[in-house]
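Quick caveat, the model's predicted, so the values are computed rather than measured.
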Protein chains: 2
Amino acid sequence: MSNYVIGLDFGTNSCRSLIVDVETGKEVASHVFPYPSGKDGVIVDASDPNLARQNPADYLRGIEAAIKGALKKAKAAKKNFSSSNIIGIGVDTTGSSPMPVDANGQALCFDKKFRKNPAAMVWLWKDHTGYAEAAHITETAARTRPQYLGKIGGVYSSEWWWSKILHCKNTAPKVFEASYSWAEICDWITANLTGELHPKKMKRSICAAGHKAMFSTEWNGLPDVEFLEALSPGLGALRSRLYDEAYTSENRAGTLSKEWTKKLGLSPGVAVSIGAFDAHMGAVGAGIHTGTLVKIIGTSTCDIMIHPKTETLNDIPGVCGIVNGSVMSGYYGIEAGQSGVGDIFLWFVNNLVPDSYGKTQEKKFKELEAAARRLKPGESGLLALDWNNGNRTILVDTRLTGLLIGQTLHTKPHEIYRALIEATAFGALAIIDRIEEHGVAIRKVMNCGGLTSKNPLLMQIYADVTGRPMKISRSDQTPALGAAIFGAVAAGRKSGGYGSTEEAQKKMTGTGKVFMPVEANHFVYKKLYSLYKQLHDGFGTTDWNGGMHNVMKELLTTRDEVRKATSC
Amino acid sequence: MSNYVIGLDFGTNSCRSLIVDVETGKEVASHVFPYPSGKDGVIVDASDPNLARQNPADYLRGIEAAIKGALKKAKAAKKNFSSSNIIGIGVDTTGSSPMPVDANGQALCFDKKFRKNPAAMVWLWKDHTGYAEAAHITETAARTRPQYLGKIGGVYSSEWWWSKILHCKNTAPKVFEASYSWAEICDWITANLTGELHPKKMKRSICAAGHKAMFSTEWNGLPDVEFLEALSPGLGALRSRLYDEAYTSENRAGTLSKEWTKKLGLSPGVAVSIGAFDAHMGAVGAGIHTGTLVKIIGTSTCDIMIHPKTETLNDIPGVCGIVNGSVMSGYYGIEAGQSGVGDIFLWFVNNLVPDSYGKTQEKKFKELEAAARRLKPGESGLLALDWNNGNRTILVDTRLTGLLIGQTLHTKPHEIYRALIEATAFGALAIIDRIEEHGVAIRKVMNCGGLTSKNPLLMQIYADVTGRPMKISRSDQTPALGAAIFGAVAAGRKSGGYGSTEEAQKKMTGTGKVFMPVEANHFVYKKLYSLYKQLHDGFGTTDWNGGMHNVMKELLTTRDEVRKATSC
């Protein structure tokens, strides 16, 4: 009889449950529950595009519906499947997505008084209402606690924990005052599963705490009271009602509560592992280990590596997050990323592609890809920077923008589309180079996320630009698989799980398709990359002084050479 | 009884006849004759997009049809109009559009042997088949006759006289050998009208000869035999069968021949003035005088000024044509221009604007203009270079390309459209500044050409960017009006015409609409122009060394300030 684990993945619009065979990693069944509240699960405000909240009741309904749905499918698919062989549950969520809770750890918006108050709900990762507070935190830390900024690349984001809490304090003081504590949803959901909701007993994730809440053992946990008071008088008092410890996801948050065990029809004693963010768990589900860069490619990109704690790790300038244990116990987690990838393609297709390429977004993408695929590297004479949404890693600067160069009177949309894909590939290579230049070797690149399966042209271009094989994770649900893996580790060897994450990964993860670099393409891209780097350094740094006169001409020369070679 | 003159304007797709009242400049009637040959009058070759030829028979049919049509309309419109009161005819054409002729000056393609041979036809201005020959001419002149290049901005164009003749010699030697001489169509058409077709007696235009054929009194007319032989052995022999003199358009090519006088039903003795290119005659029709910059704005832009021969005129670096008498007798003609204006907008609308802006090109333009008009200067955060077709004036470099900077995930097509219009306005200002910096004051800017009446947003942006009133010529057929003016001058005072071009212009030209600059807009554009100049010098010259880091940030700062001011 096989043992199974459940990965619960809480996304922006829905949650997913994935049942995985512990021995083989085979994904037995999966069920998705779309959040019923708001617009596609997000509570928005027409008058403020920065606002994005969620109703935590959706998560509780989601746990039940998604797990029950998957169990039903598993039973239908596999005759000898039994719910009683579920040994562990892992949870990953979006983040930083904090919410205010009362003294019992209950969501403040469950209280009748606050039921319709968005400030009392979950402040979803993409809520940017706290942008002024973020700037204030960066500025205050730069002045008084530069060490806090050292770990996060120098800039505190409006997407993160303290920006949101401070904005709540500034704009919804009644909610702030009524809140006893705050919790990331990855912690609040596992706390619900174990039944231990008390804010001081609720087990907190080091992944969430690490950069988002500026938690570090180097300064005794969360930022000190004096600093919080300097941010806003009265904020300091919250510190003692938050947490002093944070844990890696191999640890148990606890055991599934009696109520949930009964409701879901499982056996008693199911382990619930500590929660974490989707990207970090996705990296584990993609089989991350020392020397492997995991790229999670979607609207933006998350690049994750791990580095053994036993080996030296120097600072990597411009890499925004290095947190001990944020991915796996025993390793530093290294987090980098590109602020815009799929989002740039979506912007282009939705705004600048005529209907001659197709009437729908899907058809336009298909036709663009077919036409772009027929182009040789360098053939269009175009070059772009991938900064439409700023630059997260290396330059760590949101006040950067897109750039397109080389257009003539004959430039076609599919040429620009290809140039935009290439720009994101050059951005990816710049991150790879930066990490390697600072002593962390990258021996394998493993890709996962929506675009890896949807866009083979993109993956081939990434292989050709980087000159490295681009491997695709066998699973296309790596965050849920990663959560399931932690469920198996939290269950432990005695219960039929694993003794370590590495051990679990060996059995439960694997490689799917591999895109091999084409040498002739890589040769041209090396030239284009040097021009990309010139624009990157020229527009992105203050220490470029070399002129730009060569850029257009070298693009035209490359174009002419490629066209000549192609026509021979 | 009024006297009248006829302006004949030979365009790319059709020719037009315009009958003008000599006393008032009133345009009495106009008639257009579309050329019957080829595709819209242009003989093309599907296998060679550079090829563009014309059938000279179309011009002869066009003279008759266009003049007869206009005379008929004039009689219908004005009871006391009489064909016998026509005193002069002027001719303007595209150029450089040379054609091979036999020893009688007849078109070689009128010979049965060459009837279907495109090499024996008119090599239309936009024929680029001689691009390799153009490079060879530039290279040879740079080595041995740098003075030839000094007058034309340093680069000989594939659109010009010698490139085409040399390409004919290289690729159609039988045609080259059978040709006794060559003629620009502006000279061949007037020769037809006067009946004096002999190549050595045919009166040649200084406007055409000036830069296109590298003719100058400084070196005794056309390039010397030795130079031509160096270009291609055997080419030198042609020189003595071409011409030694070239004339301004105030001069008579002759009197209308008996055959034409009869065919058209005119009185004997009608003066025919020397032909010239459309842009130069357009400048005269727009009322050019000392201190006035005439901008002819269409797919590209031609900027024309005149400077009295009696006053010093220094070289203006990067201004491609300074030719004595090319516009008017007694003045240096100064010719500058932008390689892409309307063409850039056409490229954008045809390639990068979705159908949500409209189903047709016309509707898209209309909706783009309406939406772009609602934007404030600087509001989009975008900035572009207008180099999609290279840079003709200042940088004189065809190997430059477009650039767009400042795009985010929210950038809309009408924002880019406005940025492209602004880019051409910045390019226009750069030319104005360049001319003034070298001692030629610009006291008035007069605009004509298709886009001035079709695109009021463009004209307002030009006013706001330059901080100068943009005046629009009263006539919207300025090349034909300019030709008519020269017809009146060639007729002379005694026949009821004028003693000088200035005198004729005073009566026959005028100003229509005026776009006044808005100070608040000019203030923002001054800021954006400094960034444009930075990109211009950075990407266009080798002497820029100042970094680019400020560009994106200043665009965002300006954008944020404008948006803040707008929302207050």
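Proximity to chain A (any heavy atom under 4.5 Å) is restricted, for B:V353, to the backbone atoms N, CA, C and O. Proximity to chain A (any heavy atom under 4.5 Å) is restricted, for B:D560, to the side chain, taken from C-beta onward. Heavy atoms closer than 4.5 Å to chain A are found in the side chain of B:L385, but not in its backbone.
Relative ring orientation between B:F426 and B:Y529 is described as tilted, the plane-to-plane angle lying within the 30° to 60° band. Using cut-offs of 30° and 60° for the angle between ring planes, the B:H414 and B:Y357 rings count as tilted.
Here the two rings, on A:W347 and B:H410, have centers that are 6.0 Å apart or farther.
The choice from A:D543, A:L409, A:L555, A:N545 that makes the most heavy-atom pairs within less than 4.5 Å of chain B is A:L409. Comparing A:T557, A:T541, A:D343 by heavy-atom pairs within less than 4.5 Å of chain B, the highest count is held by A:T541. Between chain B and the options A:D537, A:N389, A:L535, A:N350, the largest number of non-hydrogen pairs under 4.5 Å is found for A:N389. Of all the listed residues (A:L400, A:I416, A:T408, A:L346), the one sharing the greatest number of non-hydrogen pairs under 4.5 Å with chain B is A:T408. Ranked by heavy-atom pairs under 4.5 Å with chain B, the list A:G547, A:G381, A:G538, A:G390 is led by A:G538. The greatest number of non-hydrogen atom pairs below 4.5 Å with chain B, out of A:D355, A:L383, A:D397, is found for A:D355.
Taking CG of B:N550 as the start and OG1 of A:T542 as the end, the distance is 11.0 Å to the nearest 0.5 Å. One finds the CZ atom of B:F539 at 11.0 Å from the CH2 atom of B:W544 (value rounded to the nearest 0.5 Å).
Taking 4.0 Å as the cut-off between side-chain N and carboxylate O, B:E422 and B:R418 count as a salt-bridged pair.
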